[in-house]
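Reading through the structure tokens given below for one structure.
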Amino acid sequence: MRYISTRGLAQPQSFESMLLSGLAPDGGLFLPEVWPQFGKPEIARLATGRYVDAAFAILPSFVGDAFARDEIRADIESAYAAFDSAEVASLVRLRENLFLLELFHGPTLAFKDIALQVQGRLLARALERRGSFSTIVAATSGDTGSAAIAALGDLPRVNLFVLHPKGHVSEIQRRQMTTTACNNVYNIALEGTFDDAQNIVKSLFSDREFVARVHLAAANSINFFRIAAQCVYYFTAAARFGSPPVFVVPTGNFGDVFAGEAAMRMGLGIERLVIATNANDILCRALEDGLYAAGPPRHTLSPSMDIQVASNFERAYFEASGRDPASTRATMSDFETRRRFHLPADVLANLRARYLALRCSDEETLETMDLIYRETGRFIDPHTAVGVAVALARGNSRERPMIVLSTAHPAKFPDAVYRATGIVPPLPRRVADLYEKAERASTLPADVSTVRTFIEQRLANS
Ligand SMILES: *Cc1c(COP(=O)(O)O)cnc(C)c1O
């Protein structure tokens with residue numbers, strides 16, 4: 001399998017170089033040259049097997065011959081052995097035809113573990129084989145950072161720099177990152193927003209000399225491997241139903257919901273992908289009136305979704321344009337200068353056929369957390385609540401199962417859970433000692449050259 005850029009000016013890459021990089025050299029995002037295809041009987045078999053078997057049925061078609069099949073198998077098995085639930089993605093019934101797909105049973109209690117635990121293992125293999133090293137820079141709105149640290153901390157040949165917006169992640173999210181004992185991890189508390197952090201990462205990737213010198217790679221969902229690993233749970237969940245379900249996806253950077261589009265393109269029947277957003281509703285506005293315009297980011301109770309510019313929307317645009325790199329390139333460079341663009345009518349119509357975007361306020365988020373607690377005795381985290389609120393507002397039909405992706409464990413957001421229900425959710429054992437460990441982070445201004453210098457100095461000393 002080879003990987004092409006959405007902007008069409010970069011050479012197709014092998015799986016391994018895609019894995020070891022981030023943005024394509026032309027500033028675009030990588031996608032597989034062709035989508036692997038799965039037939040109905042193959043998909044039906046995924047309903048009954050183990051999650052690791054489903055992952056092993058799907059991921060090798062993206063990896064191709066970059067790794068031996070038994071290497072891929074071993075990495076999948078060991079990645080998911082560390083999860084609290086052997087199901088990895090457990091389906092829980094909330095109401096008639098309304099389900100949660102719990103994706104937070106990994107080491108850091110959010111769905112990002114599902115891809116990053118496998119990605120870290122494959123990355124280590126690739127570096128070992130090449131005798132090479134890698135510098136990974138991750139921008140985080142809260143959960144990617146800890147998942148990247150759990151997956152890449154203490155890996156030989158890897159240094160990891162994590163940029164989080166200072167003061168705008170939950171205390172548990174911050175402590176999960178800053179209390180790491182790994183010497184190859186550097187936490188940067190950035191004086192800015194997540195969008196600033198993501199822009200800095202993108203600027204670093206556009207500095208070709210720097211990229212080549214430090215072997216820069218991405219752990220964010222700009223790395224296609226994240227999408228590949230995440231499409232697996234769409235398959236295992238949908239395969240359990242007799243008719244194509246609606247998925248409701250709490251959305252920030254558009255990676256998780258795009259994994260749903262990937263699954264559809266690979267042959268999975270999905271009725272509709274519902275993009276659930278908080279007050280950062282750029283995607284709702286884009287699908288309503290065709291104008292994709294970045295506004296000022298707002299801080300909400302669901303911080304991991306406090307994102308204005310959704311990187312992966314470029315992938316959806318490229319697909320909706322019939323894979324037209326010239327159109328994608330023109331539109332994205334327009335956006336880079338003017339912070340807005342109009343979706344061409346055919347692209348908009350194509351997106352609307354697959355996606356629906358709905359928003360939810362902080363007040364509705366709290367009401368939904370309380371409602372679900374009273375109805376089921378279950379705590380849900382504020383991101384999941386955005387999805388559930390949107391699902392309830394849309395109304396679930398008798399025929400169509402509706403599946404809300406539950407993206408984080410409620411204990412990661414105790415303040416919001418307490419505000420909603422009056423109860424502090426218990427901390428799971430794996431993070432019980434977070435408040436006892438010392439924190440380490442460097443505060444830096446939201447300035448790319450300061451961040452670049454910081455990285456260079458730390459690498460020189462490592
Ligand atoms: C990252 C994250 C999201 C958003 O996922 P995207 O792939 O960025 O759209 C939603 N909820 C939680 C808890 C997250 O950590």
Side-chain angles (χ1 to χ4, degrees), residues 1 3 13-22 30 50-89 103-138 140 143-162 176 180-185 215-233 236 255 259 430:
M1 176 67 80
Y3 290 82
Q13 307 267 324
S14 68
F15 173 82
E16 192 175 304
S17 32
M18 181 280 287
L19 185 72
L20 293 173
S21 64
F30 286 118
R50 298 188 310 150
Y51 187 87
V52 288
D53 295 327
F56 188 61
I58 292 166
L59 288 179
S61 52
F62 287 110
V63 178
D65 55 10
F67 296 98
R69 286 178 65 83
D70 58 344
E71 292 176 326
I72 305 172
R73 171 110 225 170
D75 287 347
I76 291 172
E77 291 278 0
S78 77
Y80 296 131
F83 278 55
D84 285 334
S85 156
E87 287 183 302
V88 180
L103 304 173
F104 53 71
H105 295 292
T108 70
L109 311 176
F111 79 92
K112 274 113 177 165
D113 289 323
I114 294 185
L116 280 165
Q117 282 293 317
V118 183
Q119 189 173 331
R121 286 168 167 84
L122 290 176
L123 183 80
R125 255 184 219 288
L127 292 175
E128 174 73 33
R129 188 162 71 191
R130 291 188 168 196
S132 185
F133 68 95
S134 182
T135 302
I136 302 196
V137 181
T140 184
D143 294 321
T144 292
S146 54
I149 293 168
L152 309 168
D154 276 344
L155 279 191
R157 306 171 180 279
V158 169
N159 281 294
L160 170 64
F161 295 83
V162 177
Q176 280 184 306
T180 177
C182 301
N183 289 323
N184 67 336
V185 174
H215 297 192
L216 198 64
N220 286 99
S221 54
I222 57 175
N223 192 307
F224 182 77
F225 187 80
R226 284 267 302 264
I227 314 283
Q230 288 169 206
C231 71
V232 174
Y233 47 74
T236 57
R430 35 167 121 236

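The cationic atom of R129 (NZ for Lys, CZ for Arg) lies less than 6.0 Å from the six-membered ring centre of F67 and within 45° of the ring axis. Within the cation-pi definition used here (under 6.0 Å to the ring centroid, within 45° of the axis), R73 qualifies as a partner of F56.
Side-chain atoms of Q119 and L152, non-hydrogen and from C-beta on, never get closer than 4.5 Å to each other. Taking the side chain as every heavy atom from C-beta outward, F161 and I136 never approach each other to under 4.5 Å. By the 4.5 Å heavy-atom criterion applied to side chains, Q13 and L20 are not counted as neighbours. Within the 4.5 Å cutoff, the side chain of H105 has no heavy atoms near those of the V88 side chain. Counting only heavy atoms from C-beta outward, the side chains of M1 and V63 never approach each other to under 4.5 Å.
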- Test R121 against S78 for side-chain hydrogen bond (donor to acceptor under 3.5 Å, both in side chains), laying out the working first. CA-CA 9 Å; R121 286 168 167 84; S78 77; 2.7 Å; yes

- Audit row: M18, N223, side chain to side chain contact (heavy atoms under 4.5 Å, CB included) steps and yes/no: CA-CA 8 Å; M18 181 280 287; N223 192 307; 3.8 Å; yes

- Step by step, would you call F133 with L127 a side chain to side chain contact (heavy atoms under 4.5 Å, CB included)? CA-CA 6 Å; F133 68 95; L127 292 175; 5.6 Å; no

- Query: Between R125 and I72, is a side chain to side chain contact (heavy atoms under 4.5 Å, CB included) present by the stated rule, with each step listed?
  - Reply: CA-CA 10 Å; R125 255 184 219 288; I72 305 172; over 6 Å; no

- Query: Stepwise, does the side chain to side chain contact (heavy atoms under 4.5 Å, CB included) test hold for D113 with F83?
  - Reply: CA-CA 9 Å; D113 289 323; F83 278 55; 3.9 Å; yes

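A distance of 11.0 Å separates CG in D154 from CG in L160, rounded to the nearest 0.5 Å. Note: I149 CD1 to Q176 CD = 9.0 Å, rounded to the nearest 0.5 Å. Between the OG atom of S134 and the CZ atom of R157 there is a distance of 11.5 Å, given to the nearest 0.5 Å.
Looking only at distances, no side-chain donor or acceptor of D143 sits under 3.5 Å from a matching main-chain atom of A110. When atom types are taken as modelled, the side chain of R430 and the backbone of T108 share no donor-acceptor pair closer than 3.5 angstrom. Remark: the backbone N or O of T135 is not paired with any side-chain donor or acceptor of N159 at under 3.5 angstrom.
Of the residues F225, F30, F62, F224, the one that meets the ring pair (Phe, Tyr, Trp, His ring centres under 6.0 Å) test with Y3 is F224.
Contact between P60 and R69 at its shortest, heavy atoms only, is CB-NH1, 3.8 Å. When all heavy atoms are compared, the tightest approach of I227 to G255 is CD1-O, 3.5 Å. The heavy-atom pair separating L116 from A151 by the smallest distance is O-CB, 3.2 Å. When every heavy atom of A89 is checked against every heavy atom of Y51, the shortest pair comes out as CB-CE1, 4.0 Å. The two atoms that bring L19 and L123 nearest to each other are CD2-N, 4.0 Å, heavy atoms only. Of all non-hydrogen atoms in A150 and P107, the two that sit nearest each other are CB-CB, 4.4 Å.
Electrostatic pairing of R50 and E77 counts as a salt bridge here, judged by a charged N lying under 4.0 Å from a carboxylate O.
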